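Structure, as structure tokens:
All of these numbers come straight from a predicted model, not from anything done at the bench.
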Amino acid sequence: LTKEEWAQVDSIFASLDPKRKTDLAIISRGHKDFTLNNDRTVLAIKTGERPFLIDSITSWLADEKRIVERLLYTDADGQIALIYITLNGSTPAAQCRAMEKTLQSILHDVILATTDWQTMLERLQETHGMLKSLPRDKADKSCPMAEYLDFLTYIQKGNFTLLGYREYDLKQTKSSVTSKIRKGRGLGLLSDERGPVFISESKEGLTQDLQKLRFSGPILSVVKVNRKATVHRRVPLDAIFIKEFNKKGDVVGERLFIGLFTSVTYSRSVSDVPLLRHKVKQVTKKSGFIDNSHEYRALSHILEKYPRDELFQLDTQTLLSFSLDILKLQERPQVGLFTRVDPFRRYISCLTYVPRERYSTAYRMRMAEILEQGFDGVAEGFNTTLDDSPLGRILFTIRVRQKAKTNYDVEAIENQLIEAAETWAEKLDNALHKQGFGDDEATKIVTRYGTAFPAAYQHQYDAATAIT
């Protein structure tokens, strides 16, 4: 740092309240304490030493599209952390105040999650014991109890970052299902003063039909929460629900852990992840393929590479159907679309496959437009995978309105994606055949005119117009 910059560091930390264990300031050009002669924004943070501090702050800044130019961190006395950050570009005073409020909330969440971590781990161990004591006749038909127990052991061993815990009383009548938070049992980000985990469009909890869906679910389920984590990584939270039963075997409650799967869950083999390994084994068994045959190995590879978050949430039969169709795509590469509607109708996962030579940024953006129009939603994010496979893979998340229609014409949307991937020459060939031209005649015309039309014309007119 220059002498001027060190002076700014001293000045801004001196402005913090010495009586408060956690305090911060965000200033930029125009603020009385801003002494630098440049367009920068300065963050100064004083707080108790905690895990995830830097991760939580920098992931929030990245999510806000702010560029960190410099970050200084010091552990003053083993208990107090001092963090100094400079961002590229100045920030208006009103926005600085809004950022301070958000950052205070993030620091509060970090404190809650890390303070309660040990207790959450104990609750996880209690839950393991609760499931282990259940009568065998309460086990789900789709998944053995031993797999659930192994999964809880798996997340206890550092494969899941625990951020919150809550318990619910569930009650079912002939006409409704109600859930009530158990006071005094919430931990971390689900401390009792926090709102519902799942937020509907009306900013309330789940509607009655969704409550019934929740009640009838399996003993243990893994889903995504429709809010991003404020601690550690700025990505949608993972939620693990576990049913509670009374002595009669009736569902009377539910335990909920929220957090984030660690990176190893996404990188290690599915055969090493409980729940997933069972689901994959069921799919390969139902396929009827002979062990170690070409089809069996190809299917196993598809399942190994399948997006992990989708693997957790797809049922076995749908996963089998999707995987067999993907296998066909690999044998004859073309565009494919596989959709999963979130059980709580918050979003639609759109897994798309594209011949690798057809993939481009422009095409990916066009795909997002088609999916947004087809599902009447907004593309919240995408993840692209391009490897040695002949197919590229893009997973889109399309946020939809909970009260929107659910009878989407997926085939028509897929056809639009296929058409968007075609070259102008291919579109011309298809148009000629639809007009009754034979193969030989169509080939001659395409050979002569397939690349003759300028890009501006191709963008404005379709191939059918060109031949009229």
Report yes if the distance between the aromatic ring centroids of Phe312 and Phe261 is under 6.0 Å, otherwise no. yes
Any side-chain heavy atom of Tyr347 within less than 4.5 Å of one from Lys224? yes
Stepwise salt bridge (Lys or Arg N to Asp or Glu O under 4.0 Å) check, Glu422 with Arg358: CA-CA 8 Å; Glu422 292 175 342; Arg358 298 293 173 92; over 6 Å; no
Kindly state each residue pair satisfying ring-ring contact (aromatic ring centres under 6.0 Å, His included) with at least one member in residues 7-27, sequence neighbours excluded. none
How long is the straight-line distance from CG of Asp342 back to CZ of Arg399, given to the nearest 0.5 Å? 13.0 Å
Testing the 3.5 Å rule here: is there a donor-acceptor pair between the side chains of Glu254 and Ser179? no
Sole residue of Asp116, Leu163, Leu162 in side-chain contact (heavy atoms from CB on, under 4.5 Å) with Leu189: Leu163
Just verifying a value: how many Å separate Ile370 CD1 and Glu419 CD, rounded to the nearest 0.5 Å? 8.0 Å
Thr86 and Thr41, any side-chain heavy atoms less than 4.5 Å apart: no
For His128 and Thr153, test the side chains for any donor-to-acceptor distance below 3.5 angstrom and give the result as yes or no. yes
Can you find a pair of side-chain heavy atoms, one from Ile67 and one from Leu87, that are under 4.5 Å apart? no
Residues Arg50 and Thr115: side-chain donor-acceptor under 3.5 angstrom: yes
Sequence-distant partners of Arg233, side chain to side chain donor-acceptor pair (under 3.5 Å), two or more places apart: none
Please round to the nearest 0.5 Å and tell me the distance separating atom CD1 of Ile398 and atom CD1 of Ile348. 8.0 Å
As an exercise, state the distance from OG of Ser56 to CD1 of Ile106, rounded to the nearest 0.5 Å. 7.0 Å
Is the closest side-chain heavy-atom distance between Ile413 and Phe375 below 4.5 Å? yes
Which residue, Lys183, Arg182, Arg255, forms the salt bridge (Lys or Arg N to Asp or Glu O under 4.0 Å) with Asp169? Arg182
Ring of Phe382, cation from Arg364 - is the NZ or CZ under 6.0 Å from the centre and inside 45° of the axis? yes
Just by distance, with hydrogens left out, do Asp315 and Thr318 show a side-chain donor and acceptor under 3.5 Å apart? yes
Once rounded to the nearest 0.5 Å, what's the spacing between atom CG of Leu190 and atom CZ of Arg185? 13.5 Å
